[in-house]
Amino acid sequence: MNPFGYPPRVWQLFIDAPRAGELAGGLTAEAATRANGSRLRLQVKMTRSRIDDARFQAYGCPTTIAVGAWIAGWVVGKELQELSGMSMKIIRETLEIPDDRTHCALLGEDLLKSLLSLTRSN
Amino acid sequence: MNPFGYPPRVWQLFIDAPRAGELAGGLTAEAATRANGSRLRLQVKMTRSRIDDARFQAYGCPTTIAVGAWIAGWVVGKELQELSGMSMKIIRETLEIPDDRTHCALLGEDLLKSLLSLTRSN
Amino acid sequence: MIYLDYAATTPLDPRVYEVMRRFLEPGGIHGNPASDHAAGRAARGAVDEARAHVAALLGATPAEIVFTSGSTEANNLALKGALEFLDPAGRGAGRHVVTSRTEHKSVLETCRHLETRGVRVSYLVPGVDGRVTAQQVRAALTPETALVSLMWVNNEIGTVNDVEALAPALRERGILFHVDAVQAAGKIAIDLARVPIDLLSLSAHKFYGPKGVGALFVRKKPRARLAPQMHGSGHEQGMRSGTLPTHQLAGLGEASRLALAERVEEDRRLRALRERLERALTALPDTFVNGAGAPRAPGILNVSFGDVEGESLRAGLPDLAVSSGSACSSATRESSYVLRALGRDDALAGASLRFSLGRFTTEAEVDAAGAQVGAQVLRLRALWPAGRAA
Amino acid sequence: MIYLDYAATTPLDPRVYEVMRRFLEPGGIHGNPASDHAAGRAARGAVDEARAHVAALLGATPAEIVFTSGSTEANNLALKGALEFLDPAGRGAGRHVVTSRTEHKSVLETCRHLETRGVRVSYLVPGVDGRVTAQQVRAALTPETALVSLMWVNNEIGTVNDVEALAPALRERGILFHVDAVQAAGKIAIDLARVPIDLLSLSAHKFYGPKGVGALFVRKKPRARLAPQMHGSGHEQGMRSGTLPTHQLAGLGEASRLALAERVEEDRRLRALRERLERALTALPDTFVNGAGAPRAPGILNVSFGDVEGESLRAGLPDLAVSSGSACSSATRESSYVLRALGRDDALAGASLRFSLGRFTTEAEVDAAGAQVGAQVLRLRALWPAGRAA
Ligand SMILES: Cc1ncc(COP(=O)(O)O)c(C=O)c1O
Ligand SMILES: Cc1ncc(COP(=O)(O)O)c(C=O)c1O
């Protein structure tokens, strides 16, 4: 059921896409890759600096979708200050993303950065 | 049992080679093809101008051997004057010899000519 | 798995398998068709029979069939062989060839090679219906034009070039006409006794025969002349040396026989199935049928899906064997030239699927495929409801 | 029929057939190995496995194996590909190639073609033992020599050229070394990890695999570089385009696996059988074993029979499938070059039979063959007892 040889976690997240959707009234961060038009959007609900709930939206390849789903899950329960600990490198390792898909992991890092800068400017 | 596609009569005469051998004390005619070294030898026993018995020897391809065997059979019981009626063309037609083996039939005609000239010079 | 990739390759017809077995199973006919003994003659008989079947499929004579290892080789032999024959010392320097940008790579790359030998090549651009017209070809001819190479049926969208209208015009001018009929042979009516095509390529594995065998039709009257591209013992009238693979040729022969016998009925059946699938898919908003504006071969349906990303669409259909563009270039992930010619932008071309239906496709499969594609398109669009443009 | 023509082609090993069936029978793995879906991936896995088996047979790495439609193609690709790579514009003008007069036609005719492109070719004459020596080759080298092509085992008389001794000398001089190993592969030990041959051809149907598939070994370190001779989608690292025929490759792979596993034992068995046949035949007066003065591959026995005419000898053995010279040129009935080099005159060369024994040959068959040949030779000699000279 994964005939294309995607890394198992990428495949599962792409197929299930947990936390896909919108969060009315949440904070909305976005990131995009110029080259191929991939986009990620993250909406979070916070209590003070703590993230209570999150949803993502994605346009792009399966790895992009998986990164969006994974981040939406990962941020829940985190303090804002913990977000900066997450990096492209860790995303790649966690989801076993191959070299030629580094840009998808980078998109995830960008998404978190965008969320952080939003919370700072707020 | 004729996997090489020889004409049926050629094949049968090649395999059976009836009248192969020598006839002690007979008259001996010979013919040869320069190009490929084929040879036919015919020995006959006669009562006056009538051929009572005949044997042939052959070195050459199956068609050559078949022509030798056929001639040795055909001449028996013939008067010498009848021999000149036999030609390359008739041999070809009788044994269904294809174009590219015309020289074998010619060798048969030569053999009969040789026999005739022998009897004349005698 | 639902297999809807018949244009990439077909399963062997079980009847073809039965014929091939005679040459493969223990005690089967295994001789070398070139051998001068009983085993060889038995094999040679099978080769002759196969040749007659291929000829019949095309309306040709057996002596006009040159067996090859497939259509890549047939296309190479046709183009390089014809040009080299005209100019034995080089490869046809100063000559001109007309072809189209939407040919298969085995034609395009061979043309590129000819260019390195000094041949000038014109690559025609298909119209918005995906086809190259006879008029376009005629306008591209020059006094130096030695050969025109045009596919009969396009492998990506199934559109049919009107090679029958073009052939007499080229014959009149003494220009060789090569047709890549890989997607046409066994699928649409071909009668070379009537249509003055000089060289025509086909490949067994596109019509239920084995992979690794094909044929080039080389006309005898007037005689199309080729320099051999595979030198050796002089098989195939000196045009293509190499031990003849009896089982492969017998398979090609039987596939040809079946295709000819069943073509009309199969054409009807496949068109109905394709229409059914087309209806299901176009029920989704923002879907575009590629090549719908032109006559199409029966089994191919190419659809672009708006507002979804191509790789995710394909990945989201793991149970469906379909192709994005031609299987041969799937690996390279190049955007399809013909889809761009139809006016699809890169994203839309990338989100296109080629469904190709065949002899073993059922209504149930078509319905399931339609449902799976519909569900996945809707799911992916829901993941980014704003739409791609947003 | 007693089949003793294994050097012309072999029956498929039943175990090879079992493997091939997986890709041919209804419900089998039928995808295009180039396709990016489950059906394609299954086929690709089989191709990878086959490639590994072929590599193991040769002591090579999988990436060094380029699949072809047989050895005629492999030989063409090696020679034309190498020369064209050195001189992309033409075909290697000014270069020099060394080969021998006793090569297979797929090498000789390719060399003739190269000559029309300005390549100079030296055709070495074998010695009285039927072999071309390393010394002869070295003496023929010039500063322009780009490539040497020499067969490992001669297909007519089975003699083994000492390519292992020659290879290091050519490597030292930076000259490409191509070996036609069609009659050697699977029959004598080949270890390309040890022997610096650059290009090596083999063909499945000579060692119990299917007809119509073969391989060219193309060394990676140092890298032998070839211009493709079949242009297209870029299969086989760009060196040979064309849809990969999974069943054929799987057959070649399994044949390679079996040959490697069983070679030593089979070598012993075949040598004993050949000796038995040789004894039976040389019991007849005036018979000459060709190539007896040199090491020979196990299965081939070539004998000249004095005082009989060749065509009648073959025709008189309708139940015996043997060859006069190489099957590939049986049709042309040319007198064998290698037999003349051994000192046989035209008549004697014409009255020669090549018995080639193989995996399914039994003692009983060998004995029956010996008896049939003996009887026919005696019968034909009795038809002209004076002897040919008389
Ligand atoms: C239009 C067209 N031409 C040529 C080919 C190549 O044929 P083959 O697979 O026999 O090399 C293909 C498919 O692979 C094709 O679709
Ligand atoms: C020595 C040699 N080289 C090349 C070939 C040609 O190989 P293929 O039959 O695969 O074209 C043969 C036999 O046919 C051969 O014996």
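Every heavy atom of this structure was used, including side-chain atoms; hydrogens, water molecules and symmetry mates were not. Lettering follows sequence order; numbering is per chain, from 1.
- In this structure, the side chain to side chain contact (heavy atoms under 4.5 Å, CB included) partners of C:Glu18, at least two apart in sequence or on a different chain, are C:Arg21.
- Among the candidates D:His37, D:Glu25, D:Arg112, the residue making the largest number of heavy-atom pairs closer than 4.5 Å to chain C is D:His37.
- For C:Arg240, the part lying near chain D is the side chain, with the backbone staying farther off; criterion is any non-hydrogen pair under 4.5 Å.
- The heavy-atom pair separating C:Met1 from D:Ala38 by the smallest distance is SD-CB, 4.0 Å.
- Interface remark: of the candidates D:Ser106, D:Gly251, D:Cys111, D:Gly212, D:Ser106 forms the most heavy-atom pairs closer than 4.5 Å to chain C.
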- Tell me, with the steps shown, if C:Ser233 and D:His104 meet side chain to side chain contact (heavy atoms under 4.5 Å, CB included). CA-CA 8 Å; C:Ser233 308; D:His104 187 262; 3.6 Å; yes
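- Expressed to the nearest 0.5 Å, how far NZ of C:Lys105 lies from OG of D:Ser241 amounts to 9.0 Å.
- Residue D:Thr9 comes nearest to C:Asn32 through the heavy atom pair CG2-N, 3.3 Å, listed as atom of the first residue, atom of the second, then distance.
- No other option in D:Ala321, D:Gly31, D:Pro26 has as many heavy-atom pairs under 4.5 Å with chain C as D:Ala321.
- Put simply, of C:His231, C:Met20, C:Glu109, the one with the most heavy-atom pairs under 4.5 Å next to chain D is C:His231.
- Taking CG of C:Asp36 as the reference point, atom CD of D:Glu311 lies at 8.5 Å (rounded to 0.5 Å).
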- Message: Checking D:Ser35 against C:Asp5 for the side chain to side chain contact (heavy atoms under 4.5 Å, CB included) test, could you report, in this order, the C-alpha distance in whole Å, the side-chain angles of both residues, the deciding distance, and whether it holds?
- Response: CA-CA 9 Å; D:Ser35 287; C:Asp5 205 9; 3.6 Å; yes
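- In this structure, chain C has a heavy atom under 4.5 Å from the backbone of D:Val322, while its side chain stays farther away.
- Checked against side chain to side chain contact (heavy atoms under 4.5 Å, CB included), C:Thr10 has the following partners two or more places apart in sequence or in another chain: C:Tyr6, C:Tyr208.
- Here the NE2 atom belonging to D:His113 is positioned 7.0 Å from the CD atom belonging to C:Gln229, to the nearest 0.5 angstrom.
- Only the backbone of D:Leu244 has a heavy atom closer than 4.5 Å to any heavy atom of chain C.
- Taking NZ of D:Lys211 as the reference point, atom CG of C:Leu24 lies at 8.5 Å (rounded to 0.5 Å).
- The side chain to side chain contact (heavy atoms under 4.5 Å, CB included) test with D:Pro210 singles out one residue from C:Gln248, C:His30, C:His247, and that residue is C:His247.
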